[in-house]
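In this text, all values refer to a predicted model and were calculated from it rather than measured experimentally. Side-chain atoms are counted along with the backbone in the values below, which use heavy atoms only and exclude waters and symmetry mates. Numbering of ligands and ligand atoms starts at 1, following listing order. When a residue number appears, it is its place in the shown sequence, counting from 1.
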Amino acid sequence: MLASKNILLIIGGGIAAFKALDLIRRLRERGATVTPVLTRAGAEFVTPLSVSALAGHKLFQDLFDLTDEAEMGHIELSRSADLIVVAPATADLMAKMAQGHADDLASTLLLATDTPVLIAPAMNVRMWQHAATQRNIAVLRGDGIGFVGPNEGDMACGEHGPGRMAEPLEIAAAVETALADGLLKGKRVLVTSGPTHEPIDPVRYIANRSSGAQGTALARALAALGAEVVFVTGPADVPPPGGVEVIRVQTAQEMLAAVKAALPVDAAVFAAAVADWRVVGASDSKIKKTKGGLPKIEFAENPDILAHVAQLTQARPALVVGFAAETDDVVENATAKRARKGCDWIVANDVRAETGIMGGPENAVTVIDAQGAETWPRMDKARVAARLAERIAAALA
Ligand code: C5P
C-alpha cells in the first residue's frame with residue numbers, strides 16, 4: 001500500500017516516542033522506506049540505535065553534520081520524501097512549525113520543504129487545551145498540515161483527556177490516506193458547508209449553530225485526493241480550505257443559485273445546515289421598536305437544495321450525499337430522510353447539546369446508503385472527512 005513511498009519520520013521528545021518505534025514497523029510492513037529524524041529531546045525517550053535499527057536506515061539528528069550536508073543536505077532530505085510525518089508532535093514542535101522556526105534539524109526540515117506534512121500530536125491535556133496550542137493548531141491547519149489524533153484517554157502523567165498520541169495503526173492509515181492522492185483526479189465535487197443567514201432586516205438575521213467545520217474538513221480531504229472542489233459556504237466560523245474554489249453565500253436561496261451554477265459535478269455533498277425557513281418580506285430598513293408593538297415575522301419555506309439536486313433528471317451527479325443532524329432516533333430519521341430526499345447516502349449525526357458535536361472538534365456519524373447503516377466510532381472531524389472522501393473516491397471509481 002505504501003510501496004516505493006519515502007516517508008521522513010520526525011520523532012519529537014515525548015513519552016509517546018516509544019510508539020514511534022512501532023509506527024516505523026507498521027510503515028515498513030506496508031512497503032514504505034522510512035528515513036528517521038530524532039530530535040534532541042526525542043533521544044531522551046528512545047535510543048538512536050533502536051530507531052535506526054528498526055528503520056533499517058541511517059538516522060539523522062544534527063543540523064550541522066558536515067558529512068550529511070555534503071552528501072545530501074537537510075533540504076534534500078525533506079524534499080526527497082513523499083510525506084513528512086511528525087510523531088510524536090510535541091507542543092513545542094508544533095509552536096515552532098506554526099512560527100516558522102528553524103533552530104534544529106527537525107524544524108529546519110519542516111520549514112525547508114513543500115512536501116505534505118502529517119502530524120500526530122501528543123502532549124499533556126492542559127498543554128493541548130492551552131490557548132497558545134489551540135492558536136498554533138488553527139495556524140497549522142490553515143497551512144494545510146494534516147493531523148491524526150490526538151486521542152482522548154488516560155495519559156502517562158496521570159491525567160485524562162485529549163492529548164494521547166494516535167495509535168501506530170491509526171497513523172499508518174492516515175499516512176495511506178495522505179498518500180492516496182490522485183484517487184479523485186479529474187473528478188469535480190461540490191460541497192456545501194456552514195449555516196445560512198436569513199435576514200429579518202439589514203442588521204438582524206436568523207441563523208443556526210453550524211460552524212462549518214465538518215464541511216470545510218471534507219472539502220480539504222476531497223481536494224487532498226486530487227478532486228476539483230467547488231466549495232459553496234455560508235457564513236462559517238472556520239476559514240475555507242486552500243486549493244478549492246470558494247463561493248460565499250448568505251442565504252439558502254443564494255446557496256441554491258450557487259449550487260445550480262456549479263453543476264455539472266461528479267459528486268455533490270451537502271454538509272451545510274441550511275435554514276429551513278426565511279423571513280417573508282425582509283425589511284430594507286432596520287425595524288424600529290415601537291411602544292407596545294412586537295414585529296410580526298412571517299416565514300416561508302426555503303428550497304431544499306439537496307432534494308433539488310438529488311431529484312434532477314438531467315445532469316444529476318453520480319453521487320449525491322446529504323447530512324442529517326438529528327436529536328432523536330438518529331438512524332431511523334436519517335433513513336427516512338434519505339428516501340424522502342432521494343439522495344444516495346445520508347451521513348447522520350447526533351447533535352444533542354450534550355454530544356458537543358455541533359461546533360465541536362469531533363463527530364460520530366452513521367453512513368446510510370441503499371445497503372444499510374454503517375456506524376463509525378467518534379473521531380476528529382478531519383478523520384471523518386478523510387474516511388468519507390475515501391468512500392466517495394471508491395464509489396466514483
Ligand atoms: O431536512 P434536513 O435539513 O434535516 O436535511 C439535511 C440535509 O439536507 C443536509 O444535507 C442539508 O445540507 C440539506 N438541506 C438542503 N437544503 C435545505 C435543507 C437541508 O440542502 N433547505
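In this model, a donor atom of one side chain and an acceptor atom of the other lie less than 3.5 Å apart for Glu390 and Thr177. Counting only N and O atoms by type, the side chains of Gln253 and Asn302 include no donor and acceptor under 3.5 Å apart. Judged purely by distance below 3.5 Å, without hydrogens or angles, the side chains of Arg164 and Asn151 never pair a donor atom with an acceptor atom. A donor-acceptor contact under 3.5 angstrom links the side chains of Asp104 and Ser107, judged on distance only.
In terms of protein heavy-atom proximity, atom 1 (O) of ligand 1 is closest to Lys341 NZ, 2.8 Å. At the shortest separation from atom 3 (O) of ligand 1 among protein heavy atoms lies Asp276 OD1, 3.9 Å. Closest protein heavy atom to atom 7 (C) of ligand 1: Phe323 O, 2.9 Å. Of all protein heavy atoms, the one lying nearest to atom 12 (O) of ligand 1 is Ala272 O, 2.6 Å. Closest to atom 18 (C) of ligand 1 among all protein heavy atoms lies Val274 CB, 3.7 Å. Looking from atom 16 (N) of ligand 1 to the surrounding protein, the closest heavy atom is Ile305 N, 3.0 Å. Among all protein heavy atoms, the one lying closest to atom 13 (C) of ligand 1 is Leu306 CB, 3.7 Å.
Comparing heavy-atom distances from atom 4 (O) of ligand 1 across Lys337, His308, Arg278, Glu301 singles out Lys337 as nearest.
Two different hydrophobic clusters hold Val274 and Tyr205 under the rule that ILVMFWY side chains link at heavy-atom gaps under 4.5 Å.
Atom numbering of ligand 1 starts at 1 in the shown order; those under 4.0 Å from a heavy atom of Gly322 are 10 (O). Within the listing of ligand 1, atoms 9 (C), 10 (O), 11 (C), 12 (O) sit less than 4.0 angstrom from a heavy atom of Phe270.
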Pair Arg248-Glu254, salt bridge (Lys or Arg N to Asp or Glu O under 4.0 Å): steps then yes or no: CA-CA 9 Å; Arg248 292 174 205 271; Glu254 288 169 15; over 6 Å; no

Stepwise, does the side-chain contact (heavy atoms from CB on, under 4.5 Å) test hold for Arg278 with Ile206? CA-CA 8 Å; Arg278 67 174 175 278; Ile206 293 172; over 6 Å; no

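Proximity of Pro303 to ligand 1, defined as any heavy-atom pair under 4.0 Å, is confined to the backbone N, CA, C and O atoms. At a 4.0 Å heavy-atom cut-off, ligand 1 does not touch Glu326 at all.
Using modelled atom types, no side-chain atom of Arg25 and backbone atom of Leu21 make a donor-acceptor pair closer than 3.5 Å.
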